[in-house]
Enquirer: 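Got a structure for you, written out below as structure tokens; questions coming shortly.
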Amino acid sequence: MRRFVLMLVALSFVGVTATACQPHKKTFGEKVQDTLDPPQGPAEKAGRAIDRATDGK
């Protein structure tokens, strides 16, 4: 039970911090990348979104 509550608190924290982020406006290069090499599945789509939000290169 305690493990479930801790997971719920952690997920709530992540959800609240994610909603505080401003939407990212795609640059021309990002639009081209998404057109020529679209993300394959939700995991890759989320990975690209995280990389772009954190300026990961």
Enquirer: Report yes if the side chains of Q40 and K45 come closer than 4.5 Å at any heavy-atom pair, otherwise no.
Expert: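 Side-chain contact under 4.5 Å: no.
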Enquirer: side-chain contact (heavy atoms from CB on, under 4.5 Å) between R48 and D34: does it pass, once the steps are laid out?
Expert: CA-CA 10 Å; R48 282 191 188 179; D34 287 344; 2.8 Å; yes
Enquirer: Connecting only ILVMFWY residues whose side-chain heavy atoms lie within less than 4.5 Å of each other, what is the rest of F28's hydrophobic cluster?
Expert: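 Members besides F28, by chain and number: V32, L36.
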Enquirer: Would you compute the distance between atom CZ of R52 and atom CD of Q33 and round it to the nearest 0.5 angstrom?
Expert: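 Those atoms lie 5.0 Å apart.
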Enquirer: Any chance you could pull the hydrophobic cluster mates of L6, using side-chain heavy atoms under 4.5 angstrom and chaining through other members?
Expert: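 For L6, no cluster forms, as it stays isolated from other hydrophobic side chains.
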Enquirer: Does T27 offer a backbone N or O that forms a donor-acceptor pair with the side chain of E30 under 3.5 Å?
Expert: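 Yes, E30 side chain to T27 backbone: donor-acceptor pair under 3.5 Å.
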